[in-house]
**Student:** 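Could you have a look at this structure, given as structure tokens, before my questions?
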Amino acid sequence: MLRKRLINLLTEAVNKAQKDGKLPSIGLPEITIERPQNTEHGDYASNLPLKLARLTRVNPMVIAKELLTLLPYTEEIESAIAAPPGFINFTLKNNWLSRQADQILQAGKSYGDNDMGHGKRVQVEFVSINPTGPLHVGHGRGAILGSTLANILVASGYEIEKEYYFNDAGSQMDVFKRSLYARYLQRLGIQAEVPENGYHGNYMIDLAKEIIDEYGDKFQKLSESEAIAQLGEIGINKVKDQIKKDLKLLRVEFDIWFREQSLYKNGQYEKVMKLLRGKNHLSEKEGATWFVSTSLGEDKDNVVVRSNGAPTYFATDIAYHYNKFIERHFDSVINIWGADHQGHVARMKAVVGALGIDPEQLQIIIHQMVTLRRGGELVRVSKRTGDLITLREVMDEVGVDACRFFFLARSANSQMDFDLELAKRQSQENPVYYVQYAHARIASIMRLAEERRINYTDGDVSLMTTTPELTLIRKLLYFPELIEMVTITLEPHHLAYYAQELATTFHAFYKDCRVVSDDEAITKARLKLVNVTQMVLAKTLNLMGMTAPDRM
RNA sequence: GUCCCUGUAGCUCAGUUGGAUAGAGCGGCUGCCUUCUAAGCAGCGGGUCGUCGGUUCGAAUCCGACCAGGGAUACCA
């Protein structure tokens, strides 16, 4: 890649300067190449002279000019100039740029892919909510974040497994089952109370009704504990199915649905507790068993086994991560959690460290809360159900593409306002359609070319020399850098911004450059460019889990 | 109290990890459709980057203090 090449060129130049005694021999600072915001500063820029100036106490402009004399001729670079206070600005050659249209075309669908991952096995675990109710918009944010991140990491050569962890054991399940039992009896006209800390949502009433329609009143005849167990199991499965259905609709697929119960059945829980006890990470206090986080730098210890003998959620999460790292040998693990789990981050990292794994191998992405709005108004509760608005309702209202785009257009650590009105409006003010429209416009051009039976495989791309054409190519050339950046930062929101920028650049090109025209040579060249633009735009959208429509 | 996230244009948010004159979309105003999709394009207006200090050639970005909003601080998950 060009960036790396420029770094190499600069490194060689400095080495040479040092060898020739033009620069003091000191260790090289990290050489960074950035893309200047201002296009007048060229395509790439380096602040290396400024960095060297500090270390050598030589005027940065002098260093810059010295380095320039040592840069060799290359086929890509038109000019490298020194700019005050001490930058080196690189500008690419027009004919090199135009040739890249051919290069991208040749790379085809794999354009932008890289091998940063070297096939390393990475697990991305996300959503993972208790099957006690429907998915909400916050869960949708995690789902979209996780699935998009997984797509990006695959493009970067990682071997990815996407996993959903079902908490189907702990005390919340118990509460859910009791709540459902109460609703079931109520529905049959029998006096019953939903537990105070239980699940009071109206969806539980619907669920009870559904079960009665299907199974009748047979659970009423069983003993309470037996009824709760059987009824509960059915209820949990129904909720699970609904969650799976909603996720599928959102285009979120998982490789593995992991059950918390399996940790107990397969003895992982016992094993890890023994392991931690052996390493003195556990201690008994006040009748409970604690994980001694304080000795690992945490500010407080945490209970793993309650005084009643039941493991806490923390305990099962310990077993779960033992399973991920020790039993399944993932090279690294990415967990995506909502902001309400933020307090859990430090202790999980501590646990992983206690298991003998580098805590860096566990990356936890916390996304902040989502606030729903309609126009300016805050909305929380659905008018239809009386419960909190579900993800499903939002998907139905605004559509999956808009849903995915809006969730992706915000960085995970900013709280987001999701405006249903805006997301829904199919008009110019909606960036989703703006991007997709660019794709549809291209498809229309390609259809015309096909109708006229224009074979452009022999198109000469070097005929493209105008600013709109070259700007578009420059934007396409950024795509591989984008993939790398998102892979490193794990911040997929850059995709949404890139998609908009690429669309903008294309629309500008479209306005200025007639593609299918009387000039056969230009037509063929531009068809190549339009073709690769379509490819990259579609790939960007697909990475985001969005569709790239051919007509709108 | 402690910990995490956030504070940038009227609104919603970016800002490539310390770079050059701080950007986009929406909203407002003005123009552009007999030619491949006007769901488009071009232009105008809009800023004390929460506040105050510090670090240095250079700060929206790093450090400290303070202010404001959200979240977490359970033998719930």
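Because the structure is a prediction, the values reported are computed rather than measured. The sequence lines fix the lettering, A, B, ..., with proteins before strands; numbering per chain opens at 1.
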**Student:** Whole-Å distance between B:rG27 P and A:Asn430 CG?
**Tutor:**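 Taking CG of A:Asn430 and P of B:rG27, I get 11 Å after rounding.
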**Student:** Using only modelled atom types and a 3.5 angstrom limit, is any donor from either the side chain of A:Asn47 or the base of B:rG19 paired with an acceptor on the other?
**Tutor:**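 Yes, a donor-acceptor pair under 3.5 Å.
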**Student:** Please say whether the positively charged group of A:Arg441, taken as NZ for Lys or CZ for Arg, lies over the ring of A:Tyr510, i.e. under 6.0 angstrom from the six-membered ring centre and within 45 degrees of the axis.
**Tutor:**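 Relative to the ring axis of A:Tyr510, which defines the angle, A:Arg441 lies inside both limits.
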**Student:** Determine which bases of RNA chain B form Watson-Crick or G-U wobble pairs with both distances under 3.5 Å, and write the result as a 5' to 3' dot-bracket string with | for other-strand partners.
**Tutor:** (((((((..((((.....[...)))).(((((.......))))).....(((((..]....))))))))))))....
**Student:** Need one value for A:Asn89: base, sugar-phosphate or nothing, where a base atom within 4.0 Å counts as base even if backbone is also close, heavy atoms only.
**Tutor:**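 Base contact - A:Asn89 has a heavy atom under 4.0 Å of at least one base atom.
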**Student:** What is the ring orientation for A:Tyr313 with A:His341, classed by angle as parallel under 30°, tilted 30 to 60°, or perpendicular over 60°?
**Tutor:**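 Perpendicular.
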**Student:** Please classify the nucleic acid contact of A:Arg57 as base, sugar-phosphate, or nothing, using heavy-atom distances under 4.0 Å.
**Tutor:** nothing
**Student:** Compare the ring of A:His41 with the six-membered ring in the base of B:rA20 and state whether they stack (centres under 5.5 Å, planes under 30°).
**Tutor:** yes
**Student:** When rounded to the nearest Å, what value does the distance between C1' atoms of B:rU61 and B:rG1 take?
**Tutor:**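 Going atom to atom, C1' in each nucleotide, I get 30 Å.
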**Student:** C1' atom, B:rA14 versus B:rU6: distance in rounded Å?
**Tutor:**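 Those two atoms are separated by 14 Å.
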**Student:** Under 4.0 angstrom, heavy atoms only, what part of the nucleic acid is A:Ser411 near: base, sugar-phosphate, or nothing?
**Tutor:**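 Contact class for A:Ser411: sugar-phosphate only.
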**Student:** By a 5.5 angstrom centroid cut-off and a 30 degree plane limit, is there stacking between A:Phe87 and B:rA20?
**Tutor:** yes
**Student:** For a quick check of understanding: with a heavy-atom distance under 4.0 Å over all strands, which category does A:His507 fall into, base, sugar-phosphate or nothing?
**Tutor:**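 Answer is sugar-phosphate: A:His507 comes under 4.0 Å of backbone atoms only.
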**Student:** Taking A:Lys524 first and then A:Glu520, would you say they form a salt bridge - that is, a charged N and a carboxylate O separated by under 4.0 Å?
**Tutor:**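 Judged by the 4.0 Å cut-off on N to carboxylate O distance, A:Lys524 and A:Glu520 do form a salt bridge.
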**Student:** Does A:Ser414 reach a base, just sugar-phosphate, or nothing at all? Heavy atoms under 4.0 Å.
**Tutor:** sugar-phosphate
**Student:** For the pair A:Tyr498 and A:Tyr478, name the ring-plane relationship: parallel under 30°, tilted 30 to 60°, perpendicular over 60°.
**Tutor:** tilted
**Student:** Would you say the side chain of A:Asn38 and the base of B:rA22 hold a donor-acceptor pair, judged only by whether the two atoms sit under 3.5 Å apart?
**Tutor:** no
